[in-house]
Each structure stands twice: as C-alpha cells, then as structure tokens.
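One structure is given here, and the rest of the page talks about it.
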Amino acid sequence: YLSGFCVTVRHGFPYQPSAMAFDPVQKILVIGTQSGALRLFGRAGLECYCQHEGNSAVIQLQFLINEGALVSALSDDSIHLWNLRQKIPAILHSLKFNRERITFCHLPFQSKWLYIGTERGNIHIVNVESFTLSGYVIMWNKAIELSSKNHPGPVVHISDNPMDEGKLLIGFECGIVVLWDLRSKKADYRYSYDEAIHSVAWHHEGKQFVCSHSDGTLTTWNVRSPAKPAQIITPHGKQPRDGRKPDPCKPILKVEYKTAKAGEPFMVLSGGLSYDTVGRRACLTVMHGKSTAVLEMDYPIVDFLTLCETPYPNDYQEPYAVVVLLEKDLVVVDLAQTGYPSFENPYPLSIHESPVTCCEYFADCPAELIPALYSVGSRQKRQGYSKKEWPISGGNWGQGAQSYPEIIITGHADGSVKFWDASALMLQVLYKLKTAKVFEKVTAKEEKPSPDVVDEDPFAIHSLSWCPESRVLCLAAVSAHVIVYRFSKHEVTTETVQLLEVRMQCELNDVDSLEGGGEQASAVSTPGASSSPQGSTPQPHPSSSSTSSSEGLRDNVPCLKVRSSPLKQSPGYQVELVIQLLWVSGEPPQQISSLAVNSAYGLVVLGNGNGVAVVDYLQKTLLLNVTTAEMHGLPDPHQRQPRSPRKGRHPINFFITCFIFVLKPLLSLSLSSFCPLWAPALADARDGSFIHSRSSSMGSIDREAREVISSLHFFETLSRKNELVPVPSLWLGTSLGTVLAISLLVPSASELRLQQAVAVSFLVRLKGGILRMAVMDSTGSLVPPACESWYDPNAPEEERERTRSRRPTSPSSSQENQDCQYAVVCSEKQAKVVALPSQNCIYDHNITETSFVLRADVVIMSAGICVACFCANGHIMTLRYCKCL
C-alpha cells in the first residue's frame with residue numbers, strides 16, 4: 001500500500017457546493033461544500049484547498065475583508081476563524097454552540113463583532129479578535145415584544161444599517177423584521193408582512209431596504225414607515241386586469257439591491273418564477289430600471305453574489321458582475337455589457353462539461369508540446385463571452401511545484417477531446433478537438449445508430465492512444481470507429497475524408513475452412529479489395545459499400561456515415577484516417593476494447609471481442625485482421641490445452657493482400673500452475689458488453705463468451721526464445737489473462753510494408769484480464785517504445801524531410817542463455833515479471849483476492865519502477881520490483 005503519499009491537487013468542480021464568499025479588495029473567491037471542504041480561487045492558475053475536521057456542511061462564509069482571514073459556519077453549529085496569510089491556510093480559533101443551532105452570520109465591514117443568529121430566534125455576538133462570546137445577546141422575545149404572539153421562527157437575516165453600524169436589521173422567518181439599536185438595547189422599528197422572509201437587502205443610503213418573500217413578492221420598506229411597505233411587486237407574476245393581487249409565484253430565495261451613481265439601481269434575485277413554468281431551468285433575474293432580464297442556468301442555483309467596485313456599504317456600489325454558484329458550475333455574469341454575457345471561466349471547473357468517458361495522463365512530455373497546443377488552442381473561436389478580463393483576479397503566482405511538462409487528455413460523451421496542462425497545481429485547457437464534425441449530421445430517426453450498438457451518445461470517446469513525440473492521436477468511440485489525427489500548424493481543406501472499412505466479425509466454424517483454401521472471413525479488408533496492395537485503398541463514402549442479404553439484414557454497413565463534403569480543418573489536430581467496423585450479416589460490430597498506435601512503424605492496432613486488426617495509417621491499408629481463436633490456432637479459445645501450447649497446434653499460413661501471417665508454435669511457460677481462477681472481463685458474444693464474473697472457477701464461465709482483447713502495446717523486445725536482438729513486436733493481452741506477442745518486420749521502404757511475415761508466440765498467463773504491460777532493460781529502466789519525432793504533414797517537402805527523424809528504443813542485446821529484458825504484466829488479479837528471452841517467470845504477486853484491479857500502470861517513482869493499481873474497492877496500491885537475483 002502507499003505510505004507517505006498525500007493528495008496534492010484536486011481538479012474539477014467542488015462536489016456539492018453549499019456556500020460562497022468574495023473579498024472585494026483582495027478579489028478572492030471561496031466556495032464551501034457539504035463535506036466541509038473549502039476551495040479558494042484567485043486569478044487563473046491560482047487555487048487552494050482546505051478541509052475542516054469532520055464532514056459537517058459549510059452553511060455560511062464571511063471574509064474579514066482585506067485582512068487575509070475568513071470565518072466559516074458549519075452545520076454542526078461551530079464557527080471557525082481561518083488564517084489565509086500563511087502558505088497553507090489553517091484554523092486559528094473555533095467556537096462551538098451546544099444549545100442552539102446556527103442559522104445566519106453577519107460580519108460588518110471593518111468591524112470586530114460577528115453576529116450569530118440561531119434557530120431559536122436569538123442573536124449572539126462574538127469578538128472576532130479573541131473569538132469569544134461577548135455576553136451581549138438579543139433575545140427574540142425582546143426583539144418582537146407584542147408584535148406577534150407566536151415565536152417568530154429562526155433568524156434568516158442580519159445586517160447593519162449602511163449609515164449607522166449601531167442599528168442592526170434582524171429578519172425572522174415568519175415575516176417580521178426588526179431594526180435593533182445596539183446602544184439602547186431595544187427595537188426602534190418593527191415591520192411585519194404576512195409572507196415568510198428569505199432575504200433582506202439595504203439601499204446604500206440606509207433609508208430603504210427590500211425583502212424577498214415565499215410568495216414570489218418583493219417588498220420595499222421605508223425605515224421610518226413601518227406600518228406598511230412602500231412598494232410591493234411580483235417580478236414574475238401575472239398582473240390581473242381587475243386590480244386583484246397577482247397569483248403567487250415560487251419563493252424568491254435571495255435578493256441584492258445595488259446602486260450606481262450614473263444610472264438606475266440593480267436588483268438581482270434568484271427564484272420567484274411562476275408556478276406554471278413547469279420544467280423550466282433555474283433562473284437569475286436582473287432588474288435594471290424598467291428592464292427585466294431572465295438568465296437561465298444549466299443547474300440549480302446554490303448562491304450568488306454581486307461584485308461591486310467599492311467595499312464600503314454606504315457608498316454607490318457600482319455593480320459590475322454577478323457570481324452565480326450552481327450545483328455543478330460557476331458562472332460570472334457581466335452587468336456592464338448589453339445582454340449580460342458571461343465571462344469565460346479560466347478555472348478547470350468544466351472538466352465534466354460533457355461527461356468524461358475516457359481519461360489519460362502523460363508525464364515528461366516534450367518541452368515544446370504544451371506551447372504548441374496552447375498556440376492553436378488560443379486561436380479557437382469562443383463566441384458569446386464578455387470581452388472583459390476575469391474579475392476574480394487576486395493572489396500571485398508562485399514557483400511551480402513540477403519541473404516537467406504534464407498533460408491530461410479527456411474524452412467526452414459528445415465526442416469532444418480536451419488537452420489539459422497539468423504541470424502546475426491547477427488544470428488549464430490547452431486545446432479542444434471535436435470529432436463529431438467528421439461525420440454526417442443525423443437528422444432522421446431512421447438514420448440514428450442502432451441501439452444494439454450504441455446506448456449513449458454515438459460519438460462518445462471510449463479509449464485513446466497518443467504519441468507525444470510524434471503528436472499522432474488515435475481515438476476510439478462507442479460506434480466502433482477509430483479516428484487517426486495528426487498535428488499541423490497549417491489550415492487545410494480536406495476534399496474527401498480518408499476511410500477504411502473493416503469486417504471483424506466471423507463465425508468460429510469459418511476458421512476450420514481456412515487451411516482448405518476457403519474464404520478468409522476473418523481477414524477481410526475494405527469491400528472490393530483485391531489481392532494487390534492497391535486493392536485495399538480507403539473508401540471515400542461508406543454508403544457505397546453497403547449491402548443487404550435476402551432477409552434484409554444489415555451487412556457491410558458502418559454505424560455512422562463519414563462526411564462526404566469538404567472538411568475545413570483549422571491548425572491543430574487534423575483527420576488523417578477514419579477506420580470503421582462494419583455490420584456483418586445483421587450483427588453489429590462490437591465496441592473497440594483496446595487501442596494502440598506507433599508512429600515509428602506507422603501502425604495503429606485495435607482489438608475487441610472478435611479479434612485484432614492492424615492498420616497502416618500511412619498507406620491507409622489493412623494489414624492484418626485475425627480472430628483471437630486463430631491466434632491460438634484452435635476454433636474454441638476455451639479448449640486450449642493448459643499444459644503445453646505445442647499440442648494440437650499446427651502452422652497455418654494466412655495470405656492477406658500479400659501480407660503473410662505465420663503462426664508458429666513456440667516454447668512457453670507451463671500453464672499447469674497458471675490457469676485462471678477468475679475471469680472478470682468476458683465479453684458477451686452478441687452485444688460486446690463486459691460482464692464481471694466473481695466465480696472462483698472456470699466451470700461457471702459461459703462457454704459461449706468470447707475472449708476479448710483488453711490490452712495492446714508496441715515494444716522492441718526479445719519476444720521469442722533464443723533471440724539475440726530485440727525486434728519490433730505487438731503485445732496482446734486478453735480478458736482471460738493470456739499474453740501473446742506478434743513479431744513485426746517493418747521495412748523502411750513503403751512498397752515492402754505489405755510483403756513481410758509476422759509470428760505469434762505465447763508468453764505468459766495470469767488470473768483476470770490483462771490491463772497493462774511494460775518492458776524493462778537489464779538495469780531495471782523502462783524501455784520506451786520506438787517513435788518518430790513530430791513533423792508537420794502540411795509543411796513544404798524540404799521542411800518535412802529536415803525535421804523528420806525516428807527515435808529508436810534503447811539498444812540491448814542478449815548473449816546466449818542470458819536474459820537482458822524483463823516484461824512487466826499486470827492483470828485484474830495478478831502482477832508478474834517475466835525474463836526475456838528465456839520467458840522464465842521471476843516474480844509473481846497476487847494483488848487482491850477480494851476485489852479486482854480497475855486500472856494499472858507502470859510508473860517511475862523515487863523508489864524505482866512501480867506498478868500502480870487502482871482497485872474496485874477504492875484502494876490504491878503500488879508494487880515495487882527489486883532485482884536482487
């Protein structure tokens with residue numbers, strides 16, 4: 001287990017926000033949550049996280065303006081004073097109420113007295129400097145006296161008169177408001193209304209205040225006229241023509257009244273909509289003079305604050321923005337611009353703007369990569385936002401904690417992909433890519449993807465593979481398609497999107513006919529492919545190859561139609577190739593379960609429950625299409641002989657458009673002690689969905705389930721016994737715990753790429769589906785895959801040749817009977833280290849018996865090379881391999 005580790009950074013929106021405060025001088029915003037967490041935000045890139053002891057919800061926050069301190073009130077009836085002036089904010093003082101529940105707090109500007117309202121209707125006064133009770137208590141019965149015979153309810157509002165801090169305005173839930181004189185300890189005026197109060201706001205001159213009520217009304221009171229309101233309005237109520245009272249509306253939960261020296265005052269409120277607006281989203285209403293603007297929000301409103309030019313409450317406030325805290329977002333509205341546009345949020349709070357369906361982390365990226373992504377990302381048009389700078393601009397940048405570039409890539413349900421700079425303590429969006437524009441827009445219902453294939457957004461990103469050095473990006477989506485992107489600084493218009501269609505579904509009994517010269521249903525390139533390399537060229541229009549059987553079954557049809565019109569591609573990632581899996585005899589293609597790309601070889605490989613397909617994205621050609629059963633050499637993958645892979649296996653030659661696939665039975669580990677006891681990641685043969693089985697034996701596994709390709713990696717290894725020089729190879733891991741290696745011969749001359757042989761060798765077997773594989777050299781250092789340095793595909797020819805180069809892997813060679821490489825393999829249940837080329841297992845560890853690993857990676861840490869595992873029970877574990885042989 002991890003020891004000495006702690007969470008250093010939190011990205012994304014605060015979970016279940018409950019309160020908010022803003023320091024108008026320091027320009028710092030703080031958000032509290034229902035779990036007792038605090039998130040402080042300053043200018044872009046500045047953020048701080050704090051946590052109260054326990055998990056009590058934060059109900060209110062108050063800044064000691066321009067003093068670097070904060071008061072927090074929690075649902076456990078405790079209040080805390082935070083010191084924000086130190087590097088790590090900490091609590092200086094705490095105070096707990098044992099007999100009364102806290103409902104409201106108020107700290108006047110430049111005052112040392114904190115007023116605490118309670119559920120019983122009483123008000124206690126706390127000295128902020130010593131954080132002790134002063135002994136001055138305003139009892140509810142003294143405050144209301146004879147104005148009501150009943151208890152007025154909890155205190156819902158406390159504020160001081162802007163012109164006289166000795167006058168305290170107290171709002172009770174029942175509708176009674178009291179102006180209390182702190183010096184004489186008695187009430188000056190009492191105001192009563194027959195609807196419950198939710199909030200109160202002062203006019204800066206201290207002669208009027210506004211109350212919001214539960215029936216959707218706003219009442220304006222003159223301080224010296226307590227008999228009746230000076231004005232009663234229902235902002236969203238329908239005014240009857242006969243002069244009767246308008247129909248009641250929903251409660252106005254909060255109102256703020258801000259004045260401007262050069263114009264009409266602003267009145268900002270949340271709630272108050274008519275009851276007949278069923279299903280309407282939450283709204284923020286801005287009333288300015290005779291105009292009323294209703295701003296719809298995507299999520300319910302938790303709180304809002306009006307930002308003003310001055311912190312002094314007795315002066316013209318000059319409001320310029322409204323900060324709106326939503327349940328899942330933070331919105332800042334520009335009040336100074338026509339139409340009230342929102343500011344573009346620089347914080348990484350919109351990480352789930354569209355649900356995240358895929359996420360990958362890349363450390364130690366090339367130094368020029370982040371500036372390149374930022375350069376093209378900053379040019380992406382973002383319309384509809386305010387032209388002003390982000391108003392929350394406090395704090396100063398310090399020295400970054402990391403010295404190496406880190407990038408996080410997220411794939412989303414709407415088909416978008418975001419690149420994030422994770423080098424600092426706060427995520428920053430670098431670049432956004434939209435994959436949906438590669439396809440035709442779906443308009444008619446009959447054209448929508450079949451529910452047998454897609455049960456969510458058809459463009460949702462399922463997995464991705466990225467080479468930071470070459471900047472080649474491959475994306476796999478739920479509609480069984482892969483898009484290959486290349487990075488370019490030049491804008492281009494693609495007349496026809498290059499398309500390659502692949503049939504990956506076949507019946508198992510078709511394998512028996514392959515030796516007899518029958519049709520290779522498992523190795524079909526795009527329809528119409530001939531035996532020549534030129535015959536497997538990409539198809540420009542998917543509909544041109546669509547066919548139907550006599551029964552009307554869908555056949556040779558992709559799930560989505562690729563765009564047929566010219567595609568204008570801005571600088572950044574541009575489409576190189578679209579690979580689509582096809583329907584076969586009425587059966588939809590299975591979703592892609594694993595994906596890998598290698599820029600040095602120009603290959604992309606994809607796997608699912610049917611098998612593996614290898615595509616040359618440089619020549620837009622399908623090189624290999626083989627089922628899992630064919631790789632094992634048996635019709636049924638569950639009938640493999642467990643003791644020796646030699647038995648019952650014979651060499652089979654596959655001729656695939658002049659590409660020779662050779663299956664050679666090679667020596668491997670004895671499997672008698674490595675049979676899987678648990679196979680949690682099997683794929684249903686019909687719909688391709690993953691089923692987790694917690695059976696303790698193979699006997700309970702469905703015999704019709706298929707072995708799914710769960711992991712794909714390119715390496716230069718000694719994957720076959722007695723090899724002396726590492727060769728390019730493709731490693732495949734399956735859901736049944738099998739690891740296979742395919743040797744690749746990749747010539748430099750493009751015309752020879754289709755005339756080479758590959759060989760499959762069996763390496764090792766683990767419990768559970770294979771999740772991650774890596775290779776170490778004899779010194780224990782990770783061997784990175786070979787890659788090509790980036791060059792602009794749209795640059796002039798001489799520039800491309802000048803910048804194009806290939807980075808090989810670290811050279812290593814083996815003497816006879818000597819191991820010089822070590823393969824690290826991690827599954828859902830086990831981790832193993834296998835010596836190469838001898839294929840001897842030198843390390844074996846059962847990670848978990850009661851759970852299973854969801855995600856694993858081989859990482860470099862201060863302690864050395866480690867396998868990091870995230871388990872389904874929420875545990876994170878690291879395994880370190882020590883070579884002490």
Side-chain angles (χ1 to χ4, degrees), residues 10-24 28-41 47-52 55-63 70-76 102-106 117 154 156-157 171 173 196-201 212-214 216 236 249-256 258 267-273 277 279-286 294-307 319 321-333 335 340 342-343 345 347-353 391-392:
R10 285 172 172 83
H11 298 302
F13 189 76
Y15 181 62
Q16 294 181 331
S18 55
M20 176 175 60
F22 181 72
D23 188 324
I28 296 174
L29 181 77
V30 59
I31 296 176
T33 71
Q34 294 185 21
S35 60
L38 298 179
R39 292 276 290 275
L40 289 94
F41 297 95
E47 179 183 338
C48 182
Y49 175 87
C50 310
Q51 176 69 50
H52 293 88
N55 296 317
S56 298
V58 179
I59 60 174
Q60 199 169 350
L61 296 166
Q62 291 271 311
F63 269 108
L70 174 74
V71 173
S72 60
L74 306 186
S75 60
D76 64 351
I102 297 175
T103 57
F104 197 88
C105 301
H106 172 63
V156 296
H157 178 82
E173 188 181 56
I197 290 177
H198 285 275
S199 68
V200 182
S212 68
H213 299 275
S214 58
H236 297 287
C249 296
K250 297 176 183 178
I252 297 178
L253 301 178
K254 185 175 181 179
V255 62
E256 290 200 346
K258 304 297 181 181
M267 198 171 291
V268 185
L269 55 102
S270 63
L273 296 179
T277 57
R280 189 171 182 179
R281 293 185 293 183
C283 296
L284 183 79
T285 303
V286 180
V294 180
L295 310 178
E296 286 194 349
M297 301 293 162
D298 292 334
Y299 306 101
I301 297 175
V302 177
D303 195 5
F304 73 87
L305 295 170
T306 306
L307 307 188
V322 180
V323 181
V324 188
L325 178 62
L326 308 179
E327 285 187 356
K328 298 181 180 180
D329 201 1
L330 182 71
V331 177
V332 181
V333 178
L335 294 180
Y340 305 130
S342 60
F343 289 85
N345 197 328
Y347 305 139
L349 302 180
S350 58
I351 193 168
H352 294 283
E353 180 181 11
I392 305 170

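Keep in mind that the numbers below use all heavy atoms, side chains included, and drop hydrogens, waters and symmetry copies.
With hydrogens and angles ignored, the 3.5 Å screen pairs a side-chain donor or acceptor of Ser212 with a backbone N or O of Ser199. With Ser35 contributing its side chain and Asn55 its backbone, the two residues share no donor-acceptor pair below 3.5 Å. A distance-only check finds no donor-acceptor pair linking the side chain of Ser270 to the backbone of Leu284 [under 3.5 Å]. In this structure, the side chain of Gln60 engages the main chain of Cys105 through a donor-acceptor pair within 3.5 Å. With His198 contributing its side chain and His213 its backbone, the two residues share no donor-acceptor pair below 3.5 Å.
Annotation for Phe63 and Phe22: closest pair CD1-C, 3.5 Å, computed over non-hydrogen atoms.
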Carefully, step by step, assess Val30 and Met20 under the rule side-chain contact (heavy atoms from CB on, under 4.5 Å).
-> CA-CA 6 Å; Val30 59; Met20 176 175 60; over 6 Å; no
For side-chain contact (heavy atoms from CB on, under 4.5 Å), just list the numbers for Val333 and Leu295, CA-CA rounded to whole Å, side-chain angles, deciding distance to a tenth of an Å, and then say yes or no.
-> CA-CA 9 Å; Val333 178; Leu295 310 178; 3.7 Å; yes
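Defined by atom type and a distance below 3.5 Å, a donor-acceptor pair is missing between the side-chain atoms of Gln16 and Thr33. Tyr49 and Gln51 are linked by a side-chain donor-acceptor pair at a separation below 3.5 angstrom, with hydrogens and angles left out of the test.
Aromatic rings of His352 and Phe13 (six-membered ring for Trp) have centroids beyond the 6.0 Å cut-off, not under it.
You'll find the side chain of Leu38 reaches within 4.5 Å of the side chain of Leu70, heavy atoms only. A heavy-atom distance below 4.5 Å is not found between the side chains of Val302 and Leu326.
The CD1 atom of Ile301 sits 11.5 Å away from the CG atom of Asp329 when rounded to the nearest 0.5 Å. The distance from the SG atom of Cys283 to the CG atom of Leu273 is 4.5 Å, given to the nearest 0.5 Å.
The only member of Val268, Val323, Leu325 that meets side-chain contact (heavy atoms from CB on, under 4.5 Å) when paired with Phe304 is Val268.
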